[in-house]
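To keep things clear, I will list the structure first and then write my remarks on it.
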Amino acid sequence: MAQGAAVNTTEQGGRPVGAGQSGQAGRVGSVGPVGSVGPLSASVANLCRRLQPQVSPRTAAGFAQVLRRLGAPLQVAVAGRIKSGKSTLVNALIGRRVAPTDIGECTRLVTRFQYGTVDRIEVVFKNGRKQVLPFAPDGMIPAELGVDIDTVSHIEAYLTNAALENMTVIDTPGLGSLDAASVARTEHLLSAARHSATDGTDSAGEGDWADDDAGGDELDETSRNAVAGAEAVLYVMTQGLRSDDEQALAAFTAATASREAGPVNAIAVLNKADTIVAETVEGSEGDTWRAATLLASRQAELLKPRVADVLPVIGLIAESAESGQFTSADAEALRQVAALDDDALDVMLLSADMFTSWECDVPAGVRVRLLEKLDLYGIRRAVEAVREQPDITAGTLRRLLLDVSGLAAVRARLNTVFAARADGIKAAAALASVTALAHASGNAAERQRVHDAIEVLLAKPEAHQLRVLEALTLVASGAVEMPEDLTEEVLRVGSNADIAAQLGKPGGSPSDLATYALERAGWWRSFASFGATPAQSRVAHVVHRAYFLIWQQLKAQGGNR
């Protein structure tokens, strides 16, 4: 495998795109230097280039789009029900209040937020035409676009924002909307999995962008479905898990280029955590955040293994604190509120109506503004901080509110699950697209040629992670049934980037880890040969080799000390 081989850098958003995948932690998207490509993605890209002269022009055009996707940032779709606070959370993740949060034209459209050297909006029509628009004076996407939205496919928003350099965020219309056209646009852009009418091939994703040099107009719908679509999903819920949330999550994750829900490509958040009534959650001891954490943990168990985790978050507070909406004037207003009489403040914080209508020295308009930015929970926590530390600065207060929101934990999990493994996620999605394109061609010889090339690639030790991701997806989706303890082990090995975490031995010494890895490698080999069904055996052989390669890596590291 050619380490560091460059993927063609096609202009996207006015700059050469790249998918740095180094596993560095930090803000969302900080996964490597701009313009770099992970080794697995580079290997798949080289495979596509080698195959292009050997396949039909139509399939070659599809491979060109796969190449473009491999060189682009990881694409994460933010999905969920209407009014779940998706757009507010998108703004918080981006660090800029740009996505409309009030019901309007734009909230009925799919919007892709990506890096660009110039801030601009492109309205992409269903016929392929594009219309450039400026942002509104307040910096947001205009509430009204001035076009017939029934003719619009989606919106592309380009921002000079570091958080988007290595991760494209896709804001989707809410599920459960009465607007069927909005749901259809989401399904169209994300490509809800469907069977091809011609050959029964599963589609892998769909989009409206095409490589300018790839003859994109030559691609049929099945081919377009195979090469586009988000590669990961952040699913937003509120309050309790609804009976059909799991089905909705499955629909969105099946629409991604990864094609199946799993702990590698899906995370859920429990948004509006401050609205949970603590007394309704056993074990919360009356604490709202503790109640949200417990409820999120229980929801994670219910959604397992479709998601890596469920985390509580307060999107409104996160957006205000992270996007510059919380100002020194707001901090001063909170000081005024903190100075009110205890009895009066207790009554005011009972409800939003009481907070804004109660007669006091703080102007009603100021209180309305605080409520819009922080809601009652954020105001209460900020007032507590001001009373404990009267000279607290606006900056410190903003950081406290950011901590209160839970956004840091969501970002950290995004980096752990998505960013650190973006190379594998993108490469696996690309191979799924390549396979679908070959099947869609209808040419048996071409299909076999592509299959053989992929098998050669997957036989290399450095590409075994792709086999592991495939095995994990089969087990997580229920396609291959395993005993519960073995399912847990497969998920652990496949869902973590850190060796100690893969082995379930955090803090273990290299020597102990190596011994354990070799022990588990032997166990899984025996299971594959003597105790497994044919389907389980295939998974077991993958896990055996994963443990063996971990052992080799640990021994090599020990030999270098």
Side-chain angles (χ1 to χ4, degrees), residues 1 3 23 39-40 43-44 47 258-260 262-265 304-305 308 417 420-421 423-425 427-428 431-432 435 451-561:
M1 179 169 64
Q3 298 281 339
L40 292 174
S43 291
V44 177
L47 177 144
S258 297
R259 307 180 68 179
E260 291 288 350
V264 168
N265 70 325
K304 196 175 184 179
V417 177
R421 308 202 65 140
D423 184 28
I425 293 173
L431 283 181
T435 300
H451 174 270
D452 291 345
I454 290 175
E455 287 301 308
V456 170
L457 171 63
L458 294 178
K460 299 178 180 179
E462 57 267 33
H464 189 66
Q465 182 188 347
L466 298 177
R467 289 283 197 201
V468 174
L469 293 178
E470 179 185 25
L472 183 148
T473 298
L474 290 171
V475 172
S477 65
V480 175
E481 294 185 1
M482 306 280 285
E484 185 175 350
D485 58 333
L486 298 187
T487 295
E488 291 289 337
E489 189 168 354
V490 174
L491 296 179
R492 189 187 69 233
V493 172
S495 301
N496 293 285
D498 177 73
I499 286 180
Q502 285 179 299
L503 299 178
K505 300 286 185 181
S509 69
S511 175
D512 290 342
L513 294 177
T515 299
Y516 182 75
L518 190 59
E519 174 188 319
R520 295 309 297 164
W523 189 94
W524 278 92
R525 184 172 185 175
S526 296
F527 175 68
S529 301
F530 304 112
T533 66
Q536 290 174 341
S537 180
R538 287 192 293 272
V539 171
H541 279 298
V542 171
V543 179
H544 151 72
R545 192 162 187 238
Y547 275 123
F548 185 75
L549 292 173
I550 289 173
W551 173 77
Q552 284 188 323
Q553 183 178 344
L554 289 168
K555 293 298 288 184
Q557 291 173 354
N560 292 332
R561 284 197 296 271

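In this chain, numbering begins with 1 at the start of the sequence shown.
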What donor-acceptor contacts under 3.5 angstrom involve side-chain atoms of residues 525-533, with partners at least two apart or in another chain?
from: S526; atom 1: OG; to: G522; atom 2: O; distance (Å): 3.2
from: S529; atom 1: OG; to: R525; atom 2: O; distance (Å): 3.1
from: T533; atom 1: OG1; to: Q536; atom 2: N; distance (Å): 3.1

Handout entry: Distance in Å, R467 CZ paired with L457 CG, rounded so as to fall on 0.5 Å steps
Key = 9.0 Å
Handout entry: From CA spacing to verdict: side-chain contact (heavy atoms from CB on, under 4.5 Å), D512, K505
Key = CA-CA 9 Å; D512 290 342; K505 300 286 185 181; over 6 Å; no
Practice task
List for me each residue that meets side chain to side chain donor-acceptor pair (under 3.5 Å) alongside E488, sequence neighbours excluded, and say none if there are none.
Solution key: K304
Practice task
For D485, check side chain to side chain donor-acceptor pair (under 3.5 Å) against everything at least two apart and list the hits.
Solution key: none
Exercise for the section: Begin from the C-alpha positions of L486 and V543 and carry the test side-chain contact (heavy atoms from CB on, under 4.5 Å) through to its verdict. Expected result: CA-CA 10 Å; L486 298 187; V543 179; over 6 Å; no
Fill in the blank from the handout: Note: A546 and V493 closest approach over all heavy atoms is CB-CG1, 4.2 Å
Handout entry: Set of residues satisfying side chain to side chain donor-acceptor pair (under 3.5 Å) with respect to E470, sequence neighbours excluded
Key = none
Handout entry: Over all atoms of both residues, closest heavy-atom pair of L503 and L513
Key = CD1-O, 3.6 Å
Handout entry: Atom pair CD1 (I550) and CZ (R545), whose distance is rounded to the nearest 0.5 Å
Key = 12.5 Å
Exercise for the section: Enter the distance from K555:NZ to T515:OG1 here, rounded to the nearest 0.5 Å. Expected result: 7.0 Å
Completion exercise
Closest non-hydrogen contact found for A514 with L554 is N-CD1, 3.5 Å
Problem - Short side-chain to backbone donor-acceptor contact, H464 and V542, under 3.5 Å - result: yes
Practice task
Report the residues that fulfil side chain to side chain donor-acceptor pair (under 3.5 Å) with D498, sequence neighbours left out, ordered by chain and then residue number.
Solution key: none
Completion exercise
So CD of E489 and CE of M482: to nearest 0.5 Å the spacing works out to 9.0 Å
Handout entry: For the student: nearest non-hydrogen atoms of I425 and L469, plus distance
Key = N-CD1, 4.2 Å
Problem - Over all atoms of both residues, closest heavy-atom pair of L40 and D423 - result: N-OD2, 2.9 Å
Handout entry: Nearest heavy atoms of L466 and A427, plus distance in Å
Key = CD2-CB, 3.7 Å
Handout entry: Under the salt bridge (Lys or Arg N to Asp or Glu O under 4.0 Å) test, residues paired with E484 that sit two or more places apart
Key = none
